[in-house]
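Everything on this sheet refers to the single structure shown next.
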Amino acid sequence: MISSFPRLLTTIGKLGELIFFPSSCKLCSSLLEFPHENVICRACWGKIRAPRQSFCLCCGRFFEGVAEPHFCRSCLQGRPPFSLHRSCGRYKGTLKDIILLFKYRHFKLLGKELARFTYEISNRYKDLWWNVEALIPVPLHRKREKQRGFNQALIIAKELAKNMEIPIVERALVKVRNVPPQTLIKPGDREKNVSGAFCVVKKEQVRGKSVLLVDDVYTTGATIRECSRALREAGVREVRALSVAQA
């Protein structure tokens with residue numbers, strides 16, 4: 001009887017929250033009634049599925065249909081400066097909606113949940129995590145970060161670092177040019193847009209290491225390639241990359 005009293009208090013407290021401070025899912029508007037539900041309900045999170053399509057063994061680009069993973073034509077013609085990249089889902093539907101809420105509606109709490117999703121899916125790619133010595137978030141320019149209030153890639157990377165027990169290196173890779181967002185640039189011009197936009201300022205922290213770049217969305221790969229190029233020029237032994245979603 002005594003042991004059940006704390007649970008009774010918790011139940012009463014949760015009921016009080018629902019009555020006096022009702023909160024609903026930002027996607028489907030259903031009440032957030034389960035413990036630890038924040039912003040998005042459990043049912044909406046459950047709609048997200050890991051992609052079943054084949055993918056490129058190097059750049060991670062998803063192929064249409066189901067087949068064995070293989071190298072895409074682009075990577076066969078010329079390997080990128082990173083050794084491999086993996087995405088954990090398609091940038092569409094519920095996953096896209098959650099990322100947009102996280103980045104542009106300032107629901108920072110979603111960063112932890114997106115990191116949890118990314119951790120669970122990326123664990124399937126053993127070649128991605130093997131012997132990684134440091135995590136590096138793709139940086140925002142200081143003006144853009146000040147406007148947004150946070151760097152979404154840093155929040156996700158910090159949670160992944162805790163789960164994987166791998167050090168995170170902050171502010172070693174910086175964005176030195178405040179270029180227009182890649183979403184506003186035509187796909188064919190995105191490489192030029194970010195050319196020379198990134199620089200390594202703490203080379204001693206990354207030199208000779210195998211690192212994992214972390215970002216939220218992978219579209220053409222121009223940002224990941226430019227970050228990887230800067231890291232390799234600074235003496236990084238190997239660059240791998242991980243994104244939450246792929247457009």
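None of the values given here were measured: they were computed from a predicted structure.
- Linking ILVMFWY side-chain heavy atoms closer than 4.5 Å, directly or via other members, places Ile185 and Tyr91 in two distinct hydrophobic clusters.
- Distance alone, capped at 3.5 Å, is enough to place a donor-acceptor pair between the Asn193 side chain and the Pro180 backbone.
- Judged purely by atom type and a 3.5 angstrom limit, Glu238 has no side-chain atom pairing as donor or acceptor with the backbone of Lys209.
- Atom CG in Asn123 sits 5.0 Å away from atom OH in Tyr119 (nearest 0.5 Å).
- Under a 3.5 Å cut-off, the side chain of Ser195 and the backbone N or O of Glu191 do not form any donor-acceptor pair.
- The side-chain heavy atoms of Pro181 and Arg144, taken from C-beta on, include a pair separated by under 4.5 Å.
- You'll find the side chain of Val206 reaches within 4.5 Å of the side chain of Val200, heavy atoms only.
- Hydrophobic clustering places Leu212 together with Leu160 (ILVMFWY residues linked when any side-chain heavy atoms are closer than 4.5 Å, directly or through intermediates).
- Arg240 places no side-chain N or O within 3.5 Å of a backbone atom of Leu84 that could act as its donor or acceptor partner.
- Between His70 and Ser54, the closest side-chain pair of non-hydrogen atoms falls below 4.5 Å.
- Between Asp97 and Lys26, no side-chain nitrogen of the basic residue sits less than 4.0 Å from a carboxylate oxygen of the acidic one, so the salt-bridge criterion is not met.
- For Ser210 and Glu133, the side-chain atoms include no donor-acceptor pair closer than 3.5 Å.
- In this pair, Tyr125 and Phe55 present their aromatic rings perpendicular. The plane angle is above 60°, beyond the 30 to 60° band.
- One hydrophobic cluster, built from ILVMFWY side chains closer than 4.5 Å, cannot hold both Val174 and Leu213; they sit in different ones.
- Of all heavy-atom pairs between Arg232 and Val236, the closest is NE-O, 3.2 Å.
- Taking SG of Cys88 as the reference point, atom CD1 of Ile48 lies at 11.0 Å (rounded to 0.5 Å).
- Val176 and Val201 fall within a single hydrophobic cluster, where Ile, Leu, Val, Met, Phe, Trp and Tyr side chains are chained together by heavy-atom contacts under 4.5 Å.
- The heavy-atom pair separating Ala50 from Arg124 by the smallest distance is CB-NH1, 3.4 Å.
- Summarising the geometry of Cys28 relative to Ser30, their closest heavy-atom pair is SG-OG, 3.0 Å, with the distance given to 0.1 Å.
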With side-chain contact (heavy atoms from CB on, under 4.5 Å) as the criterion, how do Phe198 and Leu231 come out once you've worked through the C-alpha distance, each side chain's angles and the decisive distance to 0.1 Å? CA-CA 9 Å; Phe198 300 94; Leu231 288 166; over 6 Å; no
For a quick test of your reading: what N or O donor-acceptor pairs under 3.5 Å do the side chains of residues 105-115 make, sequence neighbours left out?
residue : atom : partner : partner atom : Å
His106  : ND1  : Arg148  : O            : 3.2
Glu113  : OE1  : Arg116  : NE           : 3.0
Glu113  : OE1  : Arg116  : NH2          : 3.2

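- No close placement of the Tyr218 and Phe62 rings is indicated, their centers lying 6.0 Å or farther apart.
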Show the numbers, then the answer: is there a side-chain contact (heavy atoms from CB on, under 4.5 Å) between Gln152 and Leu140? CA-CA 9 Å; Gln152 70 277 1; Leu140 291 176; 3.9 Å; yes
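- Under a 3.5 Å cut-off, the side chain of Glu37 and the backbone N or O of Phe34 do form a donor-acceptor pair.
- Val39 is not listed as a side-chain neighbour of Cys25, based on a closest heavy-atom distance of 4.5 Å or more.
- Two residues are said to be in side-chain contact when any heavy atoms from C-beta on lie closer than 4.5 Å; Leu95 and Val244 meet this criterion.
- With hydrogens and angles ignored, the 3.5 Å screen pairs a side-chain donor or acceptor of Asn151 with a backbone N or O of Val138.
- Contact check for Cys72 versus Cys59: side-chain heavy atoms found under the 4.5 Å cut-off.
- The main-chain N or O of Ser74 is never found under 3.5 Å from a side-chain atom of Arg79 such that the two would form a donor-acceptor pair.
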Determine, stepwise, if the pair Leu76 / Arg73 fulfils side-chain contact (heavy atoms from CB on, under 4.5 Å). CA-CA 5 Å; Leu76 285 173; Arg73 181 181 300 177; 5.6 Å; no
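- Side-chain polar atoms of Arg90 and Gln246 form no donor-acceptor pair below 3.5 angstrom.
- Among residues at least two apart or in separate chains, side chain to side chain donor-acceptor pair (under 3.5 Å) pairs with a member in residues 168-177 are Glu145-Arg171.
- A side-chain donor-acceptor contact under 3.5 Å links Arg190 to the backbone of Gln182.
- Of all heavy-atom pairs between Val194 and Ala222, the closest is CG2-O, 3.8 Å.
- Partners of Arg207 by side chain to side chain contact (heavy atoms under 4.5 Å, CB included), not counting sequence neighbours, listed by chain and number: Lys203, Glu204.
- No donor-acceptor pair under 3.5 Å is formed between the side chain of Thr220 and the backbone N or O of Pro187.
- Atom CG of Leu128 and atom CZ of Arg86 lie 7.0 Å apart (nearest 0.5 Å).
- With 3.5 Å as the limit, one finds no donor-acceptor pair spanning the side chains of Ser24 and Ser29.
- Judged purely by atom type and a 3.5 angstrom limit, Ser83 uses its side chain to pair as donor or acceptor with the backbone of Val239.
- Atom CD1 in Ile99 sits 8.0 Å away from atom CZ in Phe117 (nearest 0.5 Å).
- Linking ILVMFWY residues whenever their side-chain heavy atoms come closer than 4.5 Å, directly or via other members, leaves Phe82 and Trp129 in distinct clusters.
- Summarising the geometry of Cys58 relative to Cys75, their closest heavy-atom pair is CB-SG, 3.7 Å, with the distance given to 0.1 Å.
- At a threshold of 4.5 Å between non-hydrogen side-chain atoms, the residues Ile168 and Pro137 count as touching.
- One finds the NZ atom of Lys146 at 12.0 Å from the NE2 atom of His141 (value rounded to the nearest 0.5 Å).
- Closest of all the heavy-atom pairs between Arg61 and Ala247 is NH1-O, 3.1 Å.
- Under a cut-off of 6.0 angstrom, the local environment of NZ in Lys103 is crowded, with over 12 non-hydrogen atoms contributed by other residues, nucleotides or ligands.
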For Ile40 and Leu101, run side-chain contact (heavy atoms from CB on, under 4.5 Å): C-alpha distance rounded to whole Å, both residues' side-chain angles, the deciding distance at 0.1 Å, then the answer. CA-CA 10 Å; Ile40 305 298; Leu101 282 171; 3.7 Å; yes
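- Atom CG of Asp215 is separated from atom CD1 of Ile136 by 13.0 Å, given to the nearest 0.5 angstrom.
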